[in-house]
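One structure below.
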Amino acid sequence: MAESSTSPYTTWESTADHEITPELVFSLLSPIPDDVWTAAACVDRTLDDTTSQQSLLIHGIARTDKAAQRCAEVKSRPTSVDVQQSQHDILRQHFQSNHGDAQLVQLRSILLRRLDRLNTYVEMEKVSAGVEEENVVEDEIEEWEDDPWADSETSSTKPTPKTKSVAKLPLTLSEFLLNDLVTSAQNLATQQFFDAIQLMFKKHRSELWPSRFAILDAIPEHAVPSSYRHLLPGLDNATNLELVWPQEPWRPEPDVSEQSEIRSVLREIEVGFNELVLTNDLPVITEPLEAEALRKWYSNQVDVIIQATGIVDAALAIVQHGASQGIPGLDELGEELSLLSRLVYDTPQAQFTNDDWTVSRWRSMSPESVVRAYLAHSPPESLPQDISSLVMPYLYVLEARAERAGSPDPDLPNRLLYDYILSIPLEHAAAVFEASKPTLPASQRVLRDDEDVARLALACLYGSESLSEWPTMSRIFECMPAWDTVDEGETDEEAADTTIRALGNFVAPSTSRTSCAPKDLLTFFKPLSIQALSRALDILDVHLESGEILSRWSVPAPLRWFLRSHDDVNEQRAWANRMARRAGGSVDPLTTMEDWEWLLEDMLKLTESNESGLRGAFGLLARDEVLSIYFSGLLSTGKFDIAKAMLRGSHPKISLSPEVVEDICLKCSRELYDNASSGNYKIGDMKLAYDCLDVPPLSDQIQLEKEFIEATSRICSFNVISRAGVPISPIEIRLTKDRLSLVSQVLSSNSDAYKHTEVMLDLTYKLGFRDDVSATVKVLAMLAETALQMEDFTRAFECTQRMVAIIHDLQTTQSLLSDDSKLREAVEVCWIACFQLGRQPEYPSLDNKMKLLGQALDLCPTDRMHDVLTAWRRMQKEDIERREERLNSQQSDIIQTARPAAGTSFIPRTVASSLRARLHDLHMPSPPLLSTPDAAALATKTFKTVASNFPFALHRSHSAASDDRSAGRSEASWRDVEVSSQASRALSKGIGWLIGADDE
C-alpha cells in the first residue's frame, strides 16, 4: 500500500500543473511502462509554461514512436492480389487486433498538432515582442504639503511612472492549444496583433483559410489599415482570382498518424481519446473569390468603417490598398473617398461639426449640394482658397467622369461654380470677386473670364435683397473690368437699356412670382456683348450711388428697385415722398438747417444725370416737384422755423411760387390735423397743424383754415360726444358734411352753452359761415330754441329780436327777396322762431309775445298769415281782456275817490272823458268789428286759403269753415290747443329742422 501511494501514477496525478517542470516530466513519466497511459497523461495536461509544455509533448510523442512505426510498416505492406485485400482493410485489421497501437496513433496526432501550435505560439510571442505598448500613466498630482491625511513615509516617496512593457498575447498557451484556431485568430484580430495573425496564416493555412474573411471582420473599424494591409485579400492577375496565402507548415510532410487513410480507419473504430474541438457558425469560403466579389468586399468594408467610425481616411486606405492589388472597380470608389476625405478633414472648422458623413449620403448628394458642403464653413477671407483647393478638384473629377461616360460637358465646372457664387451672401461673393480681379495673374484668379465676372456681379447685386451692404456692393463693383470699348453707335446702349427695362418688368412682384433669384437674372445678362456689359456697369454705378444716398437718409431700397422704377414716375415720386418724410422722422431725426440743406442737395442730386446721360433715382421728377416734396416733408416734421428760413431767409434754398407754398402748407396742415388725437390747438399735432399755417403769408384760405382749427379746438373743449361715450375726434369734425350740426351738438351736450351767444356765433363763423346769413340766423334760432326749452324766455326773446334785426338789415340791402335763396331761408327760420316763442303760453310777457307775433306776421309768407293771425287774435283778445280789467279797476278807483257821499253813484264827466282818450291812445280794435258778419266771413276765407299749406296744419274731422262767434269759446279753445299741439310736434324735431333738415 505504501508503494502504491508513492507510485509514479499517483505522484503525477497529484502534481499540480504549475509544479510540473521538464525534469519532473522525465522523472515521473519515464518509469511508467504503459505507453498508452503515459501518452494520454501528456494529452490530458495543458500548461502555460512553454518549456514544460514542450517537454510534455515531446515525451508523449516519443512514447508513441513504436506504434507509429508499426503502423507505417503495416501501411507499407504490399497487398495480396489473390486475397483482394485493400490497404484500408489491412489497417483496420491491424488496429482491431492491436487496439493499443490505435490509441497511441490517435494520441500521437493530438500531440503533434499541439506541438505545432506550441511552436506557433512561441513564434507569435517573438513577433509580438517587437510591438511595445505604452501603458497609460496618470499625471502626477501635486500633493498638498499640509495634507493632514498624508503619511510621512508614503509622502516622502513619490510614485514613479511605469516603464514601457512588451505587449503580451491576449491568450494563454493553454487557451491557444485547446481553442479553435479561428477563434484564437479572431481574438488576436480584435486586439490588433496582426503580425501574430499573419504567422498563424502562414503556419496553419489549411485550418484558417475557409474562415479568413470572418477573421478580417474581427479587426476593429478604427484600426489603421496600414498595420494590417498584409492580411487583406489580393488578386492574382493570371487567374483573375483571389491570391491564396503562402504556407510554411512546421512539418513539410504529415506524420503517419495524420495521413488520411489512417484517420479514416481510426474514425471508423472507437479508439477513444478524441480531442474536444470547438465549433462555430462562421461562414466558410473555401474557394478563392473572383475579382467582382473582392470589389464588393472592399466596398462593404468601406461602408462598415465609415458608418461605424466615420474615419474616411481608414476606408480610403483600404480602397487604395485594394486598388494597388489590382482589384478592378476600386479606382472610382477611391476617387469618391478621396473627395469625401477632403470634405471631412480639409474643410474649415470640420473638426467642430457633427455631420454624420457616409458613402451612401455622399453618393446621394447632388453636385450643387457637394459644392455647398465643401464651403459651408468657409469664412470670406479663406473662401477663394477653399474654392481652388476643395471645389475645383471635385468639379474637374465630375468633368472627367462625364467624358468617360461619353457625354462631355465642358461647361459643367463653371456652371456649378457660378450657381454657388450667385447663392452666397454678398460678403462672401465680394471675396470671390476680389480674388478674380483682372489685374491678378490668370493662375491666381478664381474666375478668369472678365465677361463672366461682370455678368455674375450684375446678377448678384441686382438679385440681392440687402438694404445695408452698400460698402460691400461697392467693393464688388470696384473689381469689375474696364473695357476700352469703341463707340459703334447706339446699338449696344439700346441693348443694355432694353435689358434693364426687361429686368424691371421681371423683378416686379406678381401673383405668380413674389421674388426672383440671382440665377434667374443671369439669364438676362448672358447675351450682352462687351459694349452692352460696359453700359450695364455704368447703369449699376449710378444705381449704387443712388442706393447709398437713399440708405444715408433711412429709406434704403434694394438694387432691384432701381430696375423697377427706371421708367415709373409714380414709383419715383412715392420714394421721394418717403425720403423727405422719413429723414426727419427717423431714429436720428434732422435737427439743424445744415442737415436739411444736405438732404435737399441729395434729393436734387438724384434728379440729375451724369456725364453719360444716365439719370438718378428721381430722374423722371422735375426739380420743382422734388422741391415741393421736400418742402412738404420738412413741414410734416414740424420744423417750421427751418422752413421759413429756407423760404424767406437771407439765402433761400426753396424757390417755389406763393401759390404752391400755400397749397403745400394747407395740405400739410390738414394732414397733421387729420392725424391729431386731440383737438386742442395748443398741444400735439393740432398745434403743428395750426403753426404750419404761419409759414406762408396770410391769405383768405389760410385764415379760413386757421379759424377752422380754432373752431375744432372750441368744439372739443365742450366735450362733445360722438358715439357711445367717445369724445368727438378732429377727423370726425372735418368729415362732418353739415358743420352747423356741430353747433347743435355743442348746444345739446352743454346745458349752459346757449347763454354764450357771441361764443356760439363766433364758433359758427370759424366753421366757415362768416358770410352766410342763413347760417347765422339758424344758429340764433338754435339758441332761441334751446333757451325756450330751458324756459329762459328772456334770452330766447333776445335771440329772436337779433334775428329780426338781421333780416330787416338784409331786406334793406336786397333788391329782390325771391332771388336770394339764403335770405329766403333766413326769413323762413326767423318768422317760425318768432311765431314759436310768441305763441308760447308759458311766456308771461304778453307785450313781447304780441311783438313777436307781429314780427312773424310781417315776415311769414302769405299762405301762413292765417295761422299767425289766429295766434295774434288770441293774444289780442287776451290783451284786451287784461286792459279792460285794468281800466275797470282804475275806473272803480276813480269813482270811489269822487263819490261825495255814501249812496251816490255818478261819474264825473271829466273822468269819463279821460278814459276814452286813453283807450283811443292804445289803438285797441273795436270788439264789435270781429262780431259782425262781414268780419267773420273774412276770417273764414283767410283761414281756408292758408290752412292747407301751414306746416302745423289742423287735423279736424269736421269742417273748419265756420269761425263765427256762434262756435263759442269752446271751439276757439279747441282750435288753439290743436295748433299748439301741431306746432310743438313740428318743433320737437329739434334744431335740425331749423338748419335745413327735411321736414318729414
Side-chain angles (χ1 to χ4, degrees), residues 569-570 572-574 576-585 590 593 595-597 599-601 603-604 607 618 621-676 679-715 730-731 733-737 739 762-772 775:
V569 65
N570 292 327
Q572 294 186 12
R573 183 180 296 112
N577 276 290
R578 188 177 182 184
M579 180 177 180
R581 290 175 178 270
R582 184 171 293 185
L590 308 183
M593 187 169 180
D595 294 335
W596 284 99
E597 290 178 352
L599 173 62
L600 178 59
E601 292 175 2
M603 291 187 67
L604 293 177
T607 64
F618 302 153
L621 303 179
R623 179 184 177 88
D624 286 348
E625 184 176 3
V626 172
L627 286 175
S628 300
I629 293 172
Y630 166 81
F631 185 59
S632 177
L634 174 58
L635 293 177
S636 66
T637 61
K639 306 296 182 182
F640 305 127
D641 53 343
I642 297 178
K644 294 177 183 178
M646 299 191 76
L647 273 176
R648 299 186 295 272
S650 57
H651 301 286
K653 301 294 182 181
I654 301 176
S655 55
L656 295 172
S657 64
E659 294 78 9
V660 173
V661 172
E662 179 180 315
D663 184 61
I664 294 174
C665 291
L666 286 172
K667 289 180 179 178
C668 290
S669 175
R670 289 164 183 166
E671 181 179 347
L672 291 168
Y673 177 101
D674 294 342
N675 293 328
N680 189 349
Y681 75 109
K682 299 295 184 180
I683 59 173
D685 287 339
M686 191 61 73
K687 182 179 187 304
L688 295 178
Y690 191 78
D691 294 343
C692 181
L693 299 175
D694 292 334
V695 175
L698 187 62
S699 64
D700 293 341
Q701 285 294 328
I702 298 295
Q703 184 62 35
L704 286 175
E705 192 67 24
K706 294 183 74 171
E707 289 181 350
F708 180 71
I709 294 175
E710 294 171 359
T712 300
S713 182
R714 181 70 58 81
I715 292 171
I731 187 64
I733 294 175
R734 182 180 293 280
L735 295 178
T736 302
K737 294 182 179 180
R739 292 182 178 176
D762 184 63
L763 175 61
T764 304
Y765 300 152
K766 291 182 176 180
L767 284 173
F769 300 102
R770 185 171 296 277
D771 298 326
D772 191 338

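Note that the structure is predicted; figures quoted are calculated from it, not measured.
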Only counting residues at least two apart or in another chain, list the ones meeting ring-ring contact (aromatic ring centres under 6.0 Å, His included) with Tyr673.
Phe708
Report the distance from atom CG of Asp685 to atom CD of Glu671, rounding to the nearest 0.5 Å.
9.5 Å
Suppose we screen for salt bridge (Lys or Arg N to Asp or Glu O under 4.0 Å). Which residues come up paired with Arg739, at least two apart in sequence or across chains?
none
What I'd like to find out is whether the side chain of Leu599 reaches to under 4.5 Å of the side chain of Met579, using heavy atoms alone.
yes
Among all residues two or more places apart in sequence or in another chain, which pass the side chain to side chain donor-acceptor pair (under 3.5 Å) test with Asn680?
none
Distance-minimising heavy-atom pair for Ile715 and Ile733:
CG2-CD1, 4.1 Å
Measure across Gly633 and Arg581 and return the closest heavy-atom pair with its distance rounded to 0.1 Å.
CA-CG, 4.0 Å
Close side-chain approach of Phe640 to Asp694, heavy-atom, < 4.5 Å:
no
Hits for side-chain contact (heavy atoms from CB on, under 4.5 Å) against Asp674, two or more places apart or cross-chain, chain-then-number order -> Ile731, Arg734
Mind checking what makes salt bridge (Lys or Arg N to Asp or Glu O under 4.0 Å) contact with Glu625, not counting sequence neighbours?
Arg573
Sequence-distant partners of Asn675, side chain to side chain donor-acceptor pair (under 3.5 Å), two or more places apart:
none
Can you check whether Pro730 reaches Met686 side chain to side chain, under 4.5 Å on heavy atoms?
yes
Go through the structure and list residues passing side chain to side chain donor-acceptor pair (under 3.5 Å) with Tyr690, not counting sequence neighbours.
Glu710
Ser713 side, atom OG; Lys687 side, atom NZ - distance, nearest 0.5 Å
12.5 Å
Any residue meeting salt bridge (Lys or Arg N to Asp or Glu O under 4.0 Å) with Lys644, in chain and number order, not counting sequence neighbours:
none
Distance-only donor-acceptor pairs under 3.5 Å for side chains of residues 655-662, two or more places apart:
{"unit_1": "Ser657", "atom_1": "OG", "unit_2": "Val660", "atom_2": "N", "d": "3.3"}
{"unit_1": "Glu662", "atom_1": "OE1", "unit_2": "Ser699", "atom_2": "OG", "d": "3.0"}
{"unit_1": "Glu662", "atom_1": "OE2", "unit_2": "Ser699", "atom_2": "OG", "d": "3.3"}

Work out which heavy atom in Pro696 is nearest to a heavy atom in Cys665; give both atom names and the distance.
CD-SG, 3.4 Å
Closest non-hydrogen atom pair between Leu634 and Ala643, with its separation
CD2-CA, 3.5 Å
Glu707 versus Gln703, side-chain donor and acceptor atoms under 3.5 Å
yes
Qualifying residues under side-chain contact (heavy atoms from CB on, under 4.5 Å), relative to Ala775, sequence neighbours excluded:
Leu740, Thr764, Phe769, Asp772
Any chance you could measure Ile683, atom CD1, to Leu688, atom CG, to the nearest 0.5 Å?
11.0 Å
Would you please test Leu698 and Leu693 for side-chain contact (heavy atoms from CB on, under 4.5 Å) and show each step?
CA-CA 8 Å; Leu698 187 62; Leu693 299 175; over 6 Å; no
If you compare all heavy atoms of Leu635 against all heavy atoms of Cys668, which two are closest, and at what distance to 0.1 Å?
CB-SG, 3.8 Å
Please round to the nearest 0.5 Å and tell me the distance separating atom OH of Tyr630 and atom CE of Met646.
3.0 Å
Rounded to the nearest 0.5 Å, the CG atom of Leu704 sits from the CG atom of Leu767 at a distance of 11.5 Å
Just jot down the side chain to side chain donor-acceptor pair (under 3.5 Å) partners of Asp762, sequence neighbours excluded, or say none.
Lys766
List the steps, then state whether side-chain contact (heavy atoms from CB on, under 4.5 Å) holds for Asp663 with Gln701.
CA-CA 9 Å; Asp663 184 61; Gln701 285 294 328; over 6 Å; no
Rounded at 0.5 Å granularity, tell me how far CZ in Arg578 sits from CD1 in Ile629.
14.0 Å
Non-neighbouring partners of Arg623 that pass salt bridge (Lys or Arg N to Asp or Glu O under 4.0 Å), sequence neighbours left out
none
If you apply the rule side-chain contact (heavy atoms from CB on, under 4.5 Å), what do you find for Ile709 with Ser669, and how did you get there?
CA-CA 10 Å; Ile709 294 175; Ser669 175; 3.8 Å; yes
Counting C-beta onward and ignoring hydrogens, is there a side-chain heavy-atom pair between Thr637 and Ile642 closer than 4.5 Å?
no
Do Ser628 side-chain atoms and Asp624 backbone N/O form a donor-acceptor pair below 3.5 Å?
yes
